Q: 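Just dropping this structure here.
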Amino acid sequence: MTYKDLDIRENNGIVTLTISREKALNALNTPTMLELRHFFTEDAAGRSDLKGVVLTGAGEKAFVAGADIKEFLGLDAESGQALAQRGQDVFFAIERFHRPVVAAVNGFALGGGCELAMACHLRVASEKARFGQPEVNLGIIPGYGGTQRLIQYIGKTKAVELLLTGDMLSAADALRLGLVNYVVEPGAEVEKAVELIEKIAAKGPIAVAKVIDAVNAYFQYDLDGFAREVANFGQTTATEDFREGASAFIEKRTANFQGR
Ligand code: DAK
């Protein structure tokens, strides 16, 4: 696929994926969503040489200012539902990605943008970042998982307030409420995200993937997360990585994991 809305750069096993529709504050339209889907489900899916992905937005103003409002005007109940389902599938692909995906939130993360950041495993925000689910201002509700993931991150009390009022959170409040992992100076988000991915890349890659999988199971109501943890733990004990990790500990050296 030729990417038009995504700028994709890879350095030392880390992909920085920049949503590049700066004039529309990087709003997510159908082509952008298809490109995101293609990257996570085709190009990067299962790549064992990848350390992780940083997701950010072009320019200084916005991470992603939402789903593209202009595209919504022609929707009816059926096409709206289909669009929401396709979008949710993309965000699930990110949430279930086998390597860490870190959102580097450089500005507005609103509506679908906040939902995209929440689908990532970790979030680093610029001090200038603002988060919110303002869909009620438009007479719609979030369609890419916002009503579910916001509660998962910050709890029902504040999530319901934000979803009903459409108010925005500052980066400092997002940190205080547990929506983001770190707040950094404007311009330092990607660097911090890369630092996190490098740190995780030194761990056992199968273990990292299995942690992501087990954590996701907690939020999937048809799964027993504890049972998934037991199964995943069993699988990690059978890996060469575990033998290497345990040997390295005993021999007081750094483990050299091979992802096997
Ligand atoms: N979509 C399309 N264009 C957008 C946009 C958006 N979400 N946000 C901004 N833009 C465009 C503006 O139209 C403007 O374009 P021009 O007029 O220059 O052509 C340009 O970006 C710059 O925006 P502003 O001039 O408004 O910039 P300001 O600094 O004055 O304001 C702002 C920045 C972020 C506060 C403001 O742009 C704003 O409020 N934007 C809208 C934020 C918003 O409401 N986001 C939520 C969108 S709704 C579903 C699936 C998903 C969803 C729902 C349902 N299903 C399929 C059922 C999710 C929905 C949403 O995300």
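Since this is a predicted model, take the numbers as computed values, not measurements. One-based numbering, in listed order, for ligands and for the atoms of each.
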Q: For atom 1 (N) of ligand 1, what is the nearest protein heavy atom, given as residue, atom name and distance?
A: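 Ranking protein heavy atoms by distance from atom 1 (N) of ligand 1, first comes I69 N, 3.0 Å.
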
Q: Check whether any side-chain heavy atom of L6 lies under 4.5 Å from a side-chain heavy atom of I19, and answer yes or no.
A: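 Yes, side chains in contact.
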
Q: Considering heavy atoms of the protein only, find what lies nearest to atom 30 (O) of ligand 1 and give residue, atom and distance to 0.1 Å.
A: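 Checking every protein heavy atom, the shortest distance to atom 30 (O) of ligand 1 gives K61 NZ, 4.6 Å.
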
Q: Could you identify the single nearest non-hydrogen protein atom to atom 15 (O) of ligand 1 and state the distance to 0.1 Å?
A: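 Result for atom 15 (O) of ligand 1: K70 NZ, 3.8 Å.
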
Q: At less than 4.0 angstrom from any non-hydrogen atom of G112, what atoms of ligand 1 do you find?
A: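 Taking each heavy atom of G112 in turn, ligand 1 has 60 (C), 61 (O) under 4.0 Å.
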
Q: Without hydrogens or angle criteria, can the side chains of T56 and E189 be said to hold a donor-acceptor pair below 3.5 Å?
A: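 No donor-acceptor contact under 3.5 Å links the two side chains.
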
Q: Heavy-atom distances under 4.0 Å decide this one: backbone, side chain, both or neither, for I141 against ligand 1?
A: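 Just the backbone.
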
Q: For ligand 1, is any non-hydrogen atom under 4.0 Å from A67's backbone (N, CA, C, O), its side chain (CB onward), both, or neither?
A: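 Answer for A67: both.
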
Q: Using a 3.5 Å cut-off on N or O atoms only, is E115 in polar contact with ligand 1?
A: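 No, there is no polar N/O contact under 3.5 Å.
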
Q: Protein heavy-atom contact under 4.0 Å for atom 36 (C) of ligand 1?
A: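 So atom 36 (C) of ligand 1 lacks protein heavy-atom neighbours under 4.0 Å.
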
Q: As an exercise, identify every atom of ligand 1 less than 4.0 angstrom from a heavy atom of L83.
A: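 The atoms of ligand 1 under 4.0 Å from a heavy atom of L83 are 56 (C).
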
Q: Under 3.5 Å, side chain of E185 to main-chain N/O of E127, donor-acceptor pair present?
A: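 Not at all, since once roles are kept as given, no pair shorter than 3.5 Å links the two residues.
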
Q: In the protein, which heavy atom is nearest to atom 14 (C) of ligand 1, and how far is it?
A: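 Looking only at protein heavy atoms, the one closest to atom 14 (C) of ligand 1 is K23 O, 4.3 Å.
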
Q: What residue and heavy atom of the protein are closest to atom 58 (C) of ligand 1, and at what distance?
A: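 So the nearest neighbour among protein heavy atoms is E135 OE2, 3.5 Å.
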
Q: Where does P134 meet ligand 1, judged by heavy-atom distances below 4.0 Å: at the side chain, the backbone, both, or neither?
A: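 For P134, only side-chain atoms sit under 4.0 Å from ligand 1.
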
Q: List ligand 1 atoms under 4.0 Å from G111, heavy atoms only on the residue side.
A: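 The atoms of ligand 1 under 4.0 Å from a heavy atom of G111 are 46 (C), 61 (O).
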
Q: Is there at least one pair of N or O atoms, one from Y144 and one from ligand 1, spaced under 3.5 Å apart?
A: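 Y144 vs ligand 1: no N/O contact under 3.5 Å.
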
Q: Report the member of G143, A65, A27 with the shortest heavy-atom distance to atom 54 (C) of ligand 1.
A: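 Looking at heavy atoms only, G143 sits closest to atom 54 (C) of ligand 1.
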
Q: For ligand 1, is A24 a contact, meaning one of its heavy atoms is under 4.0 Å away?
A: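 Yes, A24 has heavy atoms under 4.0 Å from ligand 1.
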
Q: Would the distance check show the side chain of H121 and the main-chain N or O of V102 forming a donor-acceptor pair, the cut-off being under 3.5 Å?
A: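 Side chain of H121 to backbone of V102: no pair is present.
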
Q: Side chain or backbone of Q81 under 4.0 Å from ligand 1, or both, or neither, by non-hydrogen atoms?
A: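 For Q81, there is no contact with ligand 1 at all, from either part.
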
